[in-house]
Structure formats: C-alpha cells, structure tokens
Enquirer: 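This structure is in structure tokens; I'll ask about it shortly.
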Amino acid sequence: MALLRLANITKKYKLENGKERVVLDNISLSFSNNGFVSIIGKSGSGKSTLLNMISLLDEPTNGCVYFNGKKINKFNLKEKEDYRNKNIGIIFQHYYLLEDESVIFNIMLPLLIKGINVNEAAIKSKNLLKTIDFNEKLYNSKCKDLSGGEKERVAILRSLVNNPQIILADEPTGALDSINSILIMELLKQISKDRLVIVVSHNEQLVDKYSDRKITIKDGKIDSDSEYKKDIKIIEKMHEEKHNKKSYWIRSLSKSNFISRIKRNIIGMTSLFVGLVSSLLIVGFSNGSPSSIKKSTYQQIDYGVATISKETSQQIPGSKMSLVQMTRPSEAELINSQNALEHFYLEPNITTLISKYPTIKSGDSRLEELSYNPIYSFIDNSLNKDLLIKGKIPEEETLSEVLINKKGYEYIKKEFKSEPIGLTLSIHNEYEYHSYGNTNQVITDYFIYDKEITIVGMVDDLNFLSTPKLYYSYQVIKEYLQETLLVNMSAKKGEEITWYDMIINCDNSEDLSSYSYLLFLKDHKNTPYLKDYIDLVQPPLKIESPSLTISDALFSLINAATLGMELFLVIALVGTTLILGIISFSSYTEDKKTSAILTCLGASKKEIFSIYFYENLFICLISLISSLIFAPLLALLANFIIKSITGFINMISIPLLAVLIIIPSTIIICSLATYLPLFFSKKISPKEELSEE
Ligand code: ADP
Ligand code: MG
C-alpha cells in the first residue's frame, strides 16, 4: 500500500476579477514510504501548491489525499496539526528558522511541540548534529549568525528530528551556491533511505543525480513521471514516544519575545502598574476615608457640644419664600425626643451673655481670630483627656484656666512669637438687657464679663478646617451666672434675680435664650456616633453640631471625589487593557512568520496564542507584584502627607479584599489583552506567510 496517495487533485483559485485559475488539474500520484522523489517544473507550474496539498497547509478544490490509506484532507484543525507534527517535516527555501533562537532550540522545537521533555530533545538534536559533523561551537549560536549552508542544514535537521515519514523540501537549494547545494542534496539523499523525501526544484540538472523518481509538472498537469529506480523498502513504523505535553518551548519563546521587545513591554508594565496602583489607592481611599473622617470628627474636644432648637417655617403669602424662625423648644416639646437626649446634658444656652467672640487681648494686642467655646467640664467623662498634647488639663472647674486647640496654639505662636502655654489673656464681653417695670418703665441691666485667663494646655483637633479656639468649662460659667445679679432689676423688684434665672425664665423667642439649648454629650467613651442621635430628633426640633456639619461637608466632598476617582479607575483599567492588547496585537502581527513556521512544525493555534499569553502574564505578574509592594508604601506616604496637612488619620486603607480581587482581575486583564486582539486579528495562513517569493 502506498504511504501517500493523491487522487484526482484539482486546485482552483478564485481571482479578483471573478475568474478562476486552475493551478492543479486532476492530479493523481502515489508515493511509497522511502526514496528521493523530485518534482520539477517551471516557476508557477504548481509545485509548491502540490506540496501544500500533502502538508495540508492548503485544501484541494476537488480530490482526496490519503495517508496510510486514510483520507486526511478533511481533517479538522487539531488533526491537521497533529498530522504535520508527527508525519511531515518541511524544509523551506528561505530556511524559516527562528532567527533569534539557538541552533539546538530550532532543531528540538518539533520535539518540544510534540511534548518530549527538553533534556531528551536536546540529546536527540545533538546526536543529529553529530551525524552531519556540524560545528559544535555553533550549537548554541543564534541562527541569524549562521551562513546560508549552515542554516539550510539546521532546517533539514529540524524537519528530521521528529522522525517524520515524509520530508517536503521546497527549493531547498534555491538560495545556495553549487558546493553547498551538493552538500544538501547528499544529505537529503542520505535521509531518503528510510523515509519519503519529496524535493521540489526547478534545477533539473542538480536533482537528476539523486532522484529515485522524477515527476515533471507543466501547467498544473503531470507532464512525465519516471518509475522508481529501486525497490520499495518497507520500513517499520517507529514506535511512538510518550507524550507529556510540557510547555517549555512556549515559555522559552515567550521569554525571548519578552526580552527582545523589552522597551514595549516596559511600557505595558508601567501602564498596568499605574492602573493597578491607582486602583488599589482609590479603593483604599473609598474604604478608609469614611472611617477616618468619622474618627477625626470624634477626636475633637468639642465633639459632643451641640445646640437644639425649634425651627418653624412660614410660607410668605404670594411668594415662594418662607420665613424661618428659630426658638428655644419648650420642655414639653423636648420630652418627645427624650430617647435621643438622654445621652446629653441639656443646659440653657449662655452664648448671648458669654459670646463666642469676646474681646480677647494679650496685653494691648487683640487676638481677633481666637474664639471662646464651652465644653461641659474639665474633670468629668464628657472630656476626652487623650486629646491633650501639651501642658495639662485643669484639675478643677475654674474660670481662670482654659485649654487651646492646635490651630489656636499655632496662631498665638505666630502672632506673638512666644509660648502660648502659660500665657495669660484678658477677656471682655458686654451685654445690655432691657426689661419693663410695672409702670412701663424701662429697666436696663449690664452684664459685664471681664476675666483674666491662663492657657494651661493644648489639645489635638482636626487641624484642617478648624479655627483657633479656647475652651472653657461650662460648669463654672453656669455657677458664675447663678451668682451674678441683675443689679437694677433686683433692686426694683426687691428680690435677688440672677442672670442664670433670667436665661431660664426668659421667653423662648427672646434674645437671651439664644433660641436654643446647649447639649453636651455625657460620656465621650461610651457614646456612639453623634449622628445617630441627631437623626432620632424629629422636626421641628433640630440639633446642630459644628463638628458634624464639618464632617457632613467632608463626606459629601469625599463622596464626589470618590465617584470621580472610580470613574478614573475604570478608564485606567480599560486603558491599560487596551494598551496591553495593542501591544500583543502588534507583536502577534509582527511575528506572523514565526507563527506560520510553528504551525508547519505542528504547533497548535492554542499553543501559539499561549506564547503571547505567557508574555503578557509575565508582564502582568511583574506589574502585580510591584504594585502590591508599592501601593501600600504609597498609601503610607500619602497617609503621612494627608495627616500632616489635614489631621486625618489613615485616609487610605487598602482592604485585604481588594488585594484578593486584584489578583484574578489582573489575570482577566491579561487574558482579555491577549486573546481578544488575537481573536480579532487576521487568521494567519502559513501557506501565504511562507510562500516562496
Ligand atoms: P511553483 O511553486 O511551481 O512556482 P505555485 O504552486 O507556488 O508555483 O503556484 C502556482 C500558481 O498558482 C502560480 O501561478 C500562482 O500565482 C498561483 N497561485 C498560488 N496561490 C494563489 C492564490 N492564493 N490565489 C491565486 N493564485 C495563486
Ligand atoms: Mg514554489
């Protein structure tokens, strides 16, 4: 039985003008399993097309190809790849070696593709090189450094190494001088002893001497076919080597591709690195900022100070505007909000008498930016003593000692170039109060607050957005007001009336009431988030807390910023995937010839794609690892800078989950960037890529 049989093969090409061109015209040929068969014909007569029919690089329009009696021209892609790898060795006129790889690597490539392990493949390749006395010094040289004759011999050995039953050589000596051509013919003759060697040539003279059979083609038809000069030798089929698919060659090619395209790959790595690091930081920011703001809000000494008032609004008839009026709620109205208020001390608001902005002086100079603020007490649980940075907290309730915040400390230090702790200031505030006696007579009382105060300690606070502040104890002021009389009114009425009584008993909509009550959180340690209480209070009652107003504003700001950043993140990741995709697309397009060669050696499309996948995977892993190292370091640095500017601690906190998610995401980016462009790129046709010009 013939090893190979072509039965009525016709090959037609459709031309662009719509006409057909018959390149092979009903050709039938049988080949036995050894011998040197030459195919002679003029250029364009259809010789290469005929070889492509045998190697299944091209399909006949009509007719069948049989191998060992089996019809093979309708094989699927995988079967074709397998058939080529196991049974066919192809030698091209232009050698088509992987020029950047070594001699040894090129020869062992078909073995590696087959799944033979690298050591065994190397031994086999060396043995082959020895049989033709190939210069041992050149074994590890890159093919691009070899002479034409040397390259051709390497190409022949590569076609042989898998021990295929058929060797197809298309114009193997076309580019060689006559001495080298003879050497090559000798070599092909030698290997044709135990396999079928089909040599295409237009040089009849050269091949004549070596041919066991000579076929001439003219215009796609067989013009002549000489008989075999010698008997057909039956060769036993080699036993199959064990296949253990190892992707050594794929990784090895990926690696050399990676190195040869290092500049491009650095761009890819950098863009992915930037993408991954910014993703981690952005996720870290949206994860860390809310709790950081919450914590920072909590870390203020007047965190628990708020006011509660009643807000009523009245539509102005005929207008879209409404009149909003604030009053101090009545006790009955407060009872409804008892569940929220039980965590607070509810006190009359004294800020009409003790203004937040009294005249504060050091000697003769006025400290205009400094404000004067109540906290409940210096000694009880409402105070977070951990916030003290410098100096001390007054050990008893006293009017003559105050605390200062960081901003205030810096302000005084800058204005007076002296140490604020221990500094004595004078405070002055006046208030004029009119009341009416029985006979519509106006009684005027003056509240004059004149004190010497000493700054004894500095407390930490949100430096960012805070203003210079002094803190005094509400307890002492309260006592002070309870002891200070309205002199004129008391005299008129004949009883002792204190300023404190006046505030308590005044009308809720009167100036003196400050239109509100002061709230002081009772216990800073065991009190959860202030906002929860505020939400419990039903309109028209309304709690106002300066620290929460600031944090609310910050939350809105951060939310807007995070949204923007997340948008940026998506763009960054899509952009990165695109950049990587473009890189692998251009690499793949650039390497079309190499892919075609690998296809001819039996490599599957999947394996060829894997070369690019590994290259990208390598890029991705390097970027991933470096971003996993750098992102936390950058976060640390950013946190340090944010803290020193704004006082917020740990604004960026990268969650473990993000790290866990980013690993598979990177692999997905890598796969998308590899397979999508390859999927959409033009299919490589080895026949066209490698057709002899
Ligand atoms: P040879 O190897 O004998 O020089 P080929 O087998 O390469 O010739 O080509 C035979 C003929 O088929 C040539 O005239 C060539 O132009 C034509 N041919 C080959 N491939 C195509 C194609 N894809 N489309 C149209 N014509 C083709
Ligand atoms: Mg040709």
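The analysis underlying the following values was restricted to heavy atoms, covering all of them including side chains, and did not include hydrogens, waters or symmetry mates. We count ligands from 1, going down the list as the structure has it; atoms in each ligand are counted the same way.
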Enquirer: Given Lys12, Lys47, Lys11, which one has a non-hydrogen atom that is nearest to atom 3 (O) of ligand 1?
Expert: Lys47

Enquirer: Does a sphere of radius 6.0 Å around CZ in Phe618 hold more than 12 heavy atoms from other residues, nucleotides or ligands, not counting ones at 6.0 Å or beyond?
Expert: no

Enquirer: Do Thr576 and Ser271 meet the criterion of a side-chain donor-acceptor pair at a distance under 3.5 Å?
Expert: no

Enquirer: Using 2.8 Å as a strict upper limit, say whether an N, O or S atom of Ser43 approaches the Mg ion (ligand 2) that closely.
Expert: no

Enquirer: Using distance alone, decide if ligand 1 has a nitrogen or oxygen within less than 3.5 Å of any nitrogen or oxygen in Leu15.
Expert: no

Enquirer: Please compare Ile217, Asp219, Val23 and report which has the shortest non-hydrogen distance to atom 17 (C) of ligand 1.
Expert: Val23

Enquirer: Which of the atoms of ligand 1 are close to Thr49, meaning less than 4.0 Å from one of its heavy atoms?
Expert: 5 (P), 6 (O), 9 (O), 10 (C)

Enquirer: Got the closest protein heavy atom to atom 14 (O) of ligand 1, with its distance?
Expert: Arg21 NH2, 3.5 Å

Enquirer: Determine the interplanar angle of the Tyr588 and Tyr612 rings, folded into 0 to 90°, and report it as parallel if under 30°, tilted if 30 to 60°, perpendicular if over 60°.
Expert: perpendicular

Enquirer: For Ser43, take its heavy atoms, then give the atoms of ligand 1 lying under 4.0 Å from any of them.
Expert: 4 (O)

Enquirer: Testing the 3.5 Å rule here: is there a donor-acceptor pair between the side chains of Asn265 and Glu615?
Expert: yes

Enquirer: For the pair Phe273 and Phe630, name the ring-plane relationship: parallel under 30°, tilted 30 to 60°, perpendicular over 60°.
Expert: perpendicular

Enquirer: On the 0 to 90° scale, with breaks at 30° and 60°, tag the Tyr675-Phe609 ring pair as parallel, tilted or perpendicular.
Expert: tilted

Enquirer: What is the closest protein heavy atom to atom 27 (C) of ligand 1, and at what distance does it sit?
Expert: Tyr13 CD1, 3.3 Å

Enquirer: Would you check whether Ser45 has a nitrogen or oxygen atom less than 3.5 angstrom from a nitrogen or oxygen atom of ligand 1?
Expert: yes

Enquirer: Any side-chain heavy atom of Phe31 within less than 4.5 Å of one from Ile166?
Expert: no

Enquirer: Checking side-chain hydrogen bond (donor to acceptor under 3.5 Å, both in side chains) for the pair Asn163/Arg195: CA distance, chi angles, key distance, verdict?
Expert: CA-CA 9 Å; Asn163 219 344; Arg195 58 177 57 74; 2.4 Å; yes

Enquirer: Please state which option from Gly41, Gly44, Ser48 has its nearest heavy atom closest to atom 4 (O) of ligand 1.
Expert: Gly44

Enquirer: Hey, is Lys42 touching ligand 1 through its side chain, its backbone, both or neither, going by heavy atoms under 4.0 Å?
Expert: backbone

